[in-house]
Novice: 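Handing you a structure now.
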There are 2 protein chains.
Amino acid sequence: MEATFTSEDARNRAALIARAMADPKRLCVLEQLAGGERSVSDLSHDVGCQVPNMSQHLSVLRSAGLVRSRRDGTTVFYRLVDDRVLDAYRALQLVAG
Amino acid sequence: MEATFTSEDARNRAALIARAMADPKRLCVLEQLAGGERSVSDLSHDVGCQVPNMSQHLSVLRSAGLVRSRRDGTTVFYRLVDDRVLDAYRALQLVAG
DNA sequence: TCACAAGTTGCGCAATCACGCAATGATAGG
DNA sequence: CCTATCATTGCGTGATTGCGCAACTTGTGA
């Protein structure tokens with residue numbers, strides 16, 4: 001029996017979060033969303049990539065549970081799901097020095 | 001001029017940290033190292049992978065600046081570089097719920 | 001020098017990833 | 001309906017990743 005501090009499942013979940021944050025453009029999205037809701041096309045413009053690409057990045061973030069979406073007419077607004085997302089991002093920045 | 005909260009370079013560095021932590025086995029290594037220095041073969045046993053594979057994982061962690069190594073005879077001991085590494089890991093776990 | 005043990009590095013493979021592009025939904029207005 | 005807009009999905013591609021295996025390097029001691 002190996003000395004395991006947290007369950008393997010907990011590690012897998014944490015790794016999924018890290019994977020979702022392992023891309024500069026997705027981190028840029030999180031920064032934009034720190035200022036409040038934004039539409040896909042707004043994010044696409046701010047981050048500097050095409051709309052389909054942004055939609056996929058947002059899908060990754062949503063699958064990881066970092067953001068949620070809300071539809072208003074033809075526009076879909078994304079927002080951070082929780083302040084802990086920013087806490088994690090800041091913790092990464094501290095390690096990055 | 002886009003609203004950029006942090007420089008692109010800061011995002012790239014944070015993304016590198018996240019990528020280094022985006023693997024369950026590497027997170028397991030960090031947990032083991034939280035208890036102090038450990039050799040490559042010890043980590044290999046505890047995490048449950050082959051030594052060459054562990055060496056590569058450690059190389060990833062070292063390139064990201066999360067761990068350092070020390071040589072004693074033929075044995076190489078790895079340790080966490082800083083407590084902020086564990087802080088970041090805990091922050092990820094909080095998001096993971 | 002020889003043998004052995006501990007790590008590292010190189011190689012090939014299957015899987016995943018980020019991206020560009022085209023096609024397909026969904027919604028509002030005329 | 002028709003059309004325009006906003007967004008998602010599907011496909012192909014080049015790049016990266018994690019792994020197993022073999023070969024090599026490094027350090028120790030007889």
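A note on names: the letters A, B, ... follow the listed sequences, proteins ahead of strands, and every chain is numbered from 1.
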Novice: Can you find a side chain N or O atom of B:Asn53 that sits less than 4.0 Å from OP1 or OP2 on D:dC19?
Specialist: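 Yes.
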Novice: Need one value for A:Phe77: base, sugar-phosphate or nothing, where a base atom within 4.0 Å counts as base even if backbone is also close, heavy atoms only.
Specialist: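 Counting heavy atoms under 4.0 Å across all strands, no contact is made by A:Phe77.
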Novice: If you look only at pairs with a residue in residues 88-97 of chain A, which of them pass as a salt bridge (charged side-chain N to carboxylate O under 4.0 Å, His left out), with sequence neighbours excluded?
Specialist: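 Counting only pairs at least two positions apart or across chains, the salt bridge (charged side-chain N to carboxylate O under 4.0 Å, His left out) contacts touching residues 88-97 of chain A are A:Asp87-A:Arg90.
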Novice: I want to confirm an ordering. Mapping A:Arg19 and A:Ser41 to their closest nucleotides on DNA chain D, which one lands closer to the 5' end?
Specialist: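 Going by which nucleotide is closer to the 5' end, it is A:Ser41.
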Novice: Output every pair passing side-chain hydrogen bond (donor to acceptor under 3.5 Å, both in side chains) with a member in residues 66-77 of chain A, not counting sequence neighbours, ordered by first then second residue.
Specialist: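 Listed once each, the pairs are A:Glu37-A:Arg70.
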Novice: Check residues 52-62 of chain A and write down every donor-acceptor pair under 3.5 Å in which the side-chain atom is one partner and the other belongs to a residue at least two apart or another chain.
Specialist:
unit_1	atom_1	unit_2	atom_2	d
A:Asn53	OD1	A:His57	NE2	3.4
A:His57	ND1	A:Arg26	NH1	3.1

Novice: Evaluate the criterion side-chain contact (heavy atoms from CB on, under 4.5 Å) for residue pair B:Cys49 and B:Lys25; output intermediate values, then yes/no.
Specialist: CA-CA 9 Å; B:Cys49 69; B:Lys25 294 186 178 178; 4.0 Å; yes
Novice: Less than 4.0 angstrom between a side-chain N/O of A:Tyr78 and OP1 or OP2 of D:dC6, yes or no?
Specialist: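 Answer is no, no contact under 4.0 Å.
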Novice: Can you sort out the partners of B:Ala18 under side chain to side chain contact (heavy atoms under 4.5 Å, CB included), two or more places apart, ordered by chain and number?
Specialist: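 For B:Ala18 the side chain to side chain contact (heavy atoms under 4.5 Å, CB included) partners, ignoring immediate neighbours, are A:Met21, A:Ala22, A:Leu92.
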Novice: Can you find a side-chain donor-acceptor pair between B:Glu31 and A:Thr6 that sits under 3.5 Å?
Specialist: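 The answer is yes; a qualifying pair exists.
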Novice: Kindly write out the residues that satisfy side chain to side chain donor-acceptor pair (under 3.5 Å) with A:Ser41, not counting sequence neighbours, or none if the list is empty.
Specialist: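 Side chain to side chain donor-acceptor pair (under 3.5 Å) check on A:Ser41 returns A:Ser39.
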Novice: Quick one: A:Met54 CE to C:dC21 P, roughly how many Å, whole number?
Specialist: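 Answer to the nearest Å: 16 Å.
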Novice: Under the salt bridge (Lys or Arg N to Asp or Glu O under 4.0 Å) test, which residues partner A:Arg19, sequence neighbours left out?
Specialist: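 Salt bridge (Lys or Arg N to Asp or Glu O under 4.0 Å) check on A:Arg19 returns nothing, list empty.
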Novice: A:Glu37 has an atom CD; how far is it from atom P of D:dA7, in whole Å?
Specialist: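 Taking CD of A:Glu37 and P of D:dA7, I get 12 Å after rounding.
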Novice: By the salt bridge (charged side-chain N to carboxylate O under 4.0 Å, His left out) test, which pairs, at least two apart or in different chains, include something from residues 75-85 of chain B?
Specialist: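 The answer is B:Asp82-B:Arg84.
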Novice: Going by heavy atoms closer than 4.0 Å, what residues in residues 55-62 of chain A are next to DNA chain D?
Specialist: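 Those residues whose heavy atoms fall under 4.0 Å from DNA chain D, taken from residues 55-62 of chain A in numerical order, are A:Ser55, A:Gln56.
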Novice: So if I take residues 66-76 of chain A and measure heavy-atom distances to DNA chain C, which residues fall below 4.0 Å?
Specialist: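 Going residue by residue through residues 66-76 of chain A, the ones with a heavy atom under 4.0 Å of DNA chain C turn out to be A:Arg71, A:Gly73, A:Thr74.
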Novice: Which residue lies toward the 5' end of DNA chain C, A:Arg26 or B:Val51, if each is placed at its nearest nucleotide?
Specialist: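 Nearest nucleotide further toward 5': that of B:Val51.
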Novice: Of B:Ser39 and A:Asp23, whose closest DNA chain C nucleotide lies nearer the 5' terminus?
Specialist: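 First, find each residue's nearest nucleotide; the 5'-ward one identifies B:Ser39.
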Novice: For B:Leu16 and D:dT16, what is the distance between atoms CG and C1' respectively, to the nearest whole Å?
Specialist: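 It is 13 Å, rounded to the nearest whole Å.
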Novice: Can you tell me how far P of D:dC6 sits from CG of A:Leu43, to the nearest Å?
Specialist: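 Those two atoms, CG and P, are 14 Å apart.
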